[in-house]
2 protein chains.
Amino acid sequence: MSNLLPVLDVSSSATAVAEPCCTPLTRAPLAVEDAERAAGMFKALGDPVRLRLFSNVASADGGETCVCDIQDVGVSQPTVSHHLKKLREAGLLESERRGTWVYYRVAPGVLAVMAALLTPDA
Amino acid sequence: MSNLLPVLDVSSSATAVAEPCCTPLTRAPLAVEDAERAAGMFKALGDPVRLRLFSNVASADGGETCVCDIQDVGVSQPTVSHHLKKLREAGLLESERRGTWVYYRVAPGVLAVMAALLTPDA
DNA sequence: GGTTTGATTCGACGGCTGTCGATGTCCTGA
DNA sequence: TCAGGACATCGACAGCCGTCGAATCAAACC
């Protein structure tokens, strides 16, 4: 239940190599293990409510936002929390408590990784 | 049950406008309707088997491949067929029967649409 | 300390989904 | 016409998932 989705070398924030993290889907058949990880990320975005929550965070000024500012997505507040947890577990979001409120931001590198995976051939 | 996921203006193969089809997730909060469509696509890629099938098609020489050449993904033949149907319904794949075999290819524009959605800010 | 507000966790429930074997359909070749 | 291969559909079943209200936790404010 821990250490889900290392998201390939997104963890290489230290070495900071500019090399593309992962082979595009279109380049070669995805290995079983890579498919497992990548599918986890896509799955996390595969729910309309979750996708809107993610978009709300991703488009927030300053790169982060309070839960209280994005929870108007048509479901109950516990459900919002549940979805945010899923996004966190998938490695797409990070959260931090500051005083009364909890702030969410997009995990660094995640967008680039997913975009790279979907890079068309041409 | 029909006309699922028009995938925004991917259907504009006639006009062929080079304009970006959709606003990135990071640009502004996704509208409810857009989230519904986009989530459908991500959801389709949210299964490891389906993602591998998609990758197999996307990375095939000539841009298309026979089902018989990609069905070795560890599940039964009916299950492969089921997943390919899901990918078709999500607008990600197209299929065509030629004689005995059925060929699949990535629906035009789909990769660009999804990659654009995930375009990072920076 | 007690109360209020913000957020997560818990337990439950209905519906969806991935999987399979069996069957059906379409095409080819003998 | 019939046999056989390629692929899709059907029916069933177990497990997962999204949702909710209730309960809990955490911080702040009186």
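All values derive from a computational prediction rather than experimental measurement.
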Does the side chain of A:S76 get closer than 4.0 angstrom to OP1 or OP2 of D:dC20 through an N or O atom? yes
State plainly whether the residues A:E36 and B:R52 are in salt-bridge range, i.e. N to O under 4.0 Å. no
Roughly how many Å is it from CG in B:L93 to C1' in D:dC7, rounded to a whole number? 15 Å
From the list D:dG18, D:dA27, D:dC7, which nucleotide is the closest neighbour of the side chain of A:T100? D:dA27
Does a donor on one side chain sit under 3.5 Å from an acceptor on the other, for A:R88 and A:Y104? yes
How long is the line joining OH of B:Y103 and P of D:dA8, in whole Å? 13 Å
Which nucleotide sits closest to the side chain of A:V75: D:dC7, D:dT19, C:dC20? D:dT19
Is any side-chain heavy atom of B:H83 closer than 4.5 Å to one of B:F54? no
Please name the pair of heavy atoms, one in B:A90 and one in B:M41, separated by the smallest distance, quoted to 0.1 Å. O-CG, 4.0 Å
Scan A:Q77 against the nucleic acid and name what it touches under 4.0 Å (heavy atoms): base, sugar-phosphate only, or nothing. base
Of the listed nucleotides (C:dT9, C:dT19, C:dT17), which one gets closest to any side-chain atom of B:K43? C:dT17
Between C:dA7 (C1') and A:K85 (NZ): distance, integer Å: 13 Å
Candidates D:dA22, D:dG18, D:dA8 - which lies nearest the side chain of B:P78: D:dA8
Is B:T79 close enough to C:dC20 that one of its side-chain N or O atoms is under 4.0 Å from OP1 or OP2 there? yes
Just the rounded figure in Å: distance from P of D:dC7 to CD of B:E96. 14 Å
Nearest-nucleotide comparison on DNA chain C, the residue closer to the 5′ end among A:H82 and A:W101: A:W101
What is the distance, rounded to the nearest whole Å, between atom CZ of A:R97 and atom P of D:dA27? 5 Å
What does B:R50 touch in the nucleic acid at a heavy-atom separation under 4.0 angstrom: a base, only the sugar-phosphate, or nothing? sugar-phosphate
Between C:dC16, D:dA8, D:dC7, which nucleotide has the shortest distance from any of its atoms to the side chain of B:Y104? D:dA8
Which pair of non-hydrogen atoms, one from B:A107 and one from B:G91, has the smallest distance, and what is that distance? CB-O, 3.2 Å
Distance check: side-chain N/O of B:H83 vs OP1/OP2 of C:dT17, anything under 4.0 Å? no
Atom-pair distance (CG on A:L51; C1' on D:dG18), nearest Å: 15 Å
What is the separation between atom CD on B:Q71 and atom P on C:dT19, rounded to the nearest whole Å? 15 Å
Would you kindly give the CG-to-P distance between A:D69 and C:dG6, to the nearest whole Å? 11 Å
